[in-house]
Amino acid sequence: QVQLVESGGGLVQPGGSLRLSCAASGSIFSINAMAWYRQAPGKQRELVAAVTRSGSTNYADSVKGRFTISRDNAKNTVYLQMNSLKPEDTAVYYCNADIAPVERRFQFTYWGQGTQVTVSS
């Protein structure tokens, strides 16, 4: 039973910081790309940042220079460090990962349940 569990969301003031974590658990054979998406009310879900197994990263233009994605392969965990937060960053943030479970040995896309990030004075 493979699952992704997110944590670290909350309410912060503009200019503040949050660190999101997403841990994959279960019987895992391998994890390839991991990513963070977000969805604000009335908007489509968008890719925020992604990181490959080797550590190569990509960011949405709106978060470049402010957010940093990283991963710890030994812990099957991906992080999103969010600095200089803006009200426009308010959204539900979802963890995403391409995982091959031990019992199947082929890749499947998993999603976390989402964690709320609210940036407001």
Side-chain angles (χ1 to χ4, degrees):
Q1 182 78 358
V2 174
Q3 62 178 353
L4 300 176
V5 179
E6 300 147 330
S7 62
L11 174 64
V12 297
Q13 294 185 342
S17 298
L18 281 176
R19 182 174 181 261
L20 305 183
S21 299
C22 173
S25 62
S27 186
I28 296 171
F29 178 73
S30 65
I31 302 177
N32 291 312
M34 304 185 82
W36 288 95
Y37 288 74
R38 68 185 181 187
Q39 187 166 24
K43 297 183 179 180
Q44 295 188 56
R45 187 173 299 187
E46 64 174 343
L47 176 66
V48 176
V51 58
T52 68
R53 184 166 49 192
S54 62
S56 180
T57 59
N58 287 292
Y59 297 92
D61 288 341
S62 60
V63 306
K64 282 184 177 178
R66 300 188 298 122
F67 291 9
T68 302
I69 189 171
S70 61
R71 64 190 289 172
D72 186 335
N73 291 334
K75 297 181 178 179
N76 291 335
T77 300
V78 62
Y79 306 93
L80 186 67
Q81 178 66 47
M82 304 185 293
N83 299 325
S84 301
L85 283 162
K86 305 175 181 179
E88 304 94 279
D89 296 317
T90 296
V92 177
Y93 284 70
Y94 296 91
C95 179
N96 172 277
D98 295 326
I99 300 173
V102 169
E103 67 270 19
R104 296 196 294 175
R105 303 293 178 92
F106 63 89
Q107 189 171 281
F108 184 80
T109 300
Y110 291 84
W111 289 90
Q113 79 286 351
T115 184
Q116 177 70 48
V117 172
T118 302
V119 185
S120 179
S121 299

| Value rounded to 0.5 Å, distance of OG in S70 from CD in Q81 | 8.5 Å
| T90 (side chain) donor-acceptor with V119 (main chain) under 3.5 angstrom | yes
| task | Report the hydrophobic cluster partners of F29, with the cluster defined as I, L, V, M, F, W, Y residues connected by side-chain heavy atoms closer than 4.5 angstrom, directly or transitively. | result | V102
| query | Is the count of non-hydrogen atoms from other residues, nucleotides or ligands lying under 6.0 Å from E103 atom CD greater than 12? | reply | yes
Which pairs of donor and acceptor atoms, one on a side chain in residues 3-15, lie under 3.5 Å apart (sequence neighbours left out)?
{"residue": "E6", "atom": "OE1", "partner": "Q113", "partner atom": "N", "Å": "3.2"}
{"residue": "E6", "atom": "OE1", "partner": "G114", "partner atom": "N", "Å": "2.4"}
{"residue": "E6", "atom": "OE2", "partner": "C95", "partner atom": "N", "Å": "2.2"}

| task | Check side chain to side chain donor-acceptor pair (under 3.5 Å) between S84 and all other residues, then give those that pass, not counting sequence neighbours. | result | none
| message | Could you work out, with side-chain contact (heavy atoms from CB on, under 4.5 Å) as the rule, every residue matching R104, not counting sequence neighbours? | response | P101, F106, F108, Y110
| Set of residues satisfying side-chain contact (heavy atoms from CB on, under 4.5 Å) with respect to V51, sequence neighbours excluded | M34, T57, I69, R71, V78
| field | side chain to side chain donor-acceptor pair (under 3.5 Å) involving N76 - partner list, sequence neighbours excluded | value | none
| field | Contacts of type side chain to side chain donor-acceptor pair (under 3.5 Å), residue R53, not counting sequence neighbours | value | N32
| field | Nonpolar side-chain network containing Y94, other nodes, edges under 4.5 Å | value | Y37, L47, V92, W111
| Residues in side-chain contact (heavy atoms from CB on, under 4.5 Å) contact with K43, at least two apart in sequence or another chain | A40
| Q116 and T118: which non-hydrogen atoms are nearest, and at how many Å? | NE2-OG1, 3.3 Å
| With E88 via side-chain contact (heavy atoms from CB on, under 4.5 Å) - residues at least two apart | K86
| query | Does some side-chain heavy atom of D72 sit less than 4.5 Å from a side-chain heavy atom of Y79? | reply | yes
| N96/T109 under side chain to side chain contact (heavy atoms under 4.5 Å, CB included): CA gap, chis, key distance, verdict | CA-CA 7 Å; N96 172 277; T109 300; 3.2 Å; yes
| salt bridge (Lys or Arg N to Asp or Glu O under 4.0 Å) involving R66 - partner list, sequence neighbours excluded | D89
| task | List the steps and the verdict of side chain to side chain contact (heavy atoms under 4.5 Å, CB included) for S62 and R38. | result | CA-CA 12 Å; S62 60; R38 68 185 181 187; 3.4 Å; yes
| request: Measure the OG-CD1 distance between S27 and I99 for me, rounded to the nearest 0.5 Å. | output: 11.5 Å
| task | Quick one: pull up CD in Q39 and CD in E46 and give me the separation to the nearest 0.5 Å. | result | 9.5 Å
| query | Roughly how far, to the nearest 0.5 Å, is CH2 of W36 from CG of L20? | reply | 4.5 Å
| query | Do V48 and M82 have side-chain heavy atoms sitting under 4.5 Å apart? | reply | no
| request: Could you tell me the separation between the OG1 atom of T115 and the CG atom of L18, rounded to the nearest 0.5 Å? | output: 8.5 Å
| remark: Across all chains, not counting sequence neighbours, the side chain to side chain donor-acceptor pair (under 3.5 Å) partners of S120 are none
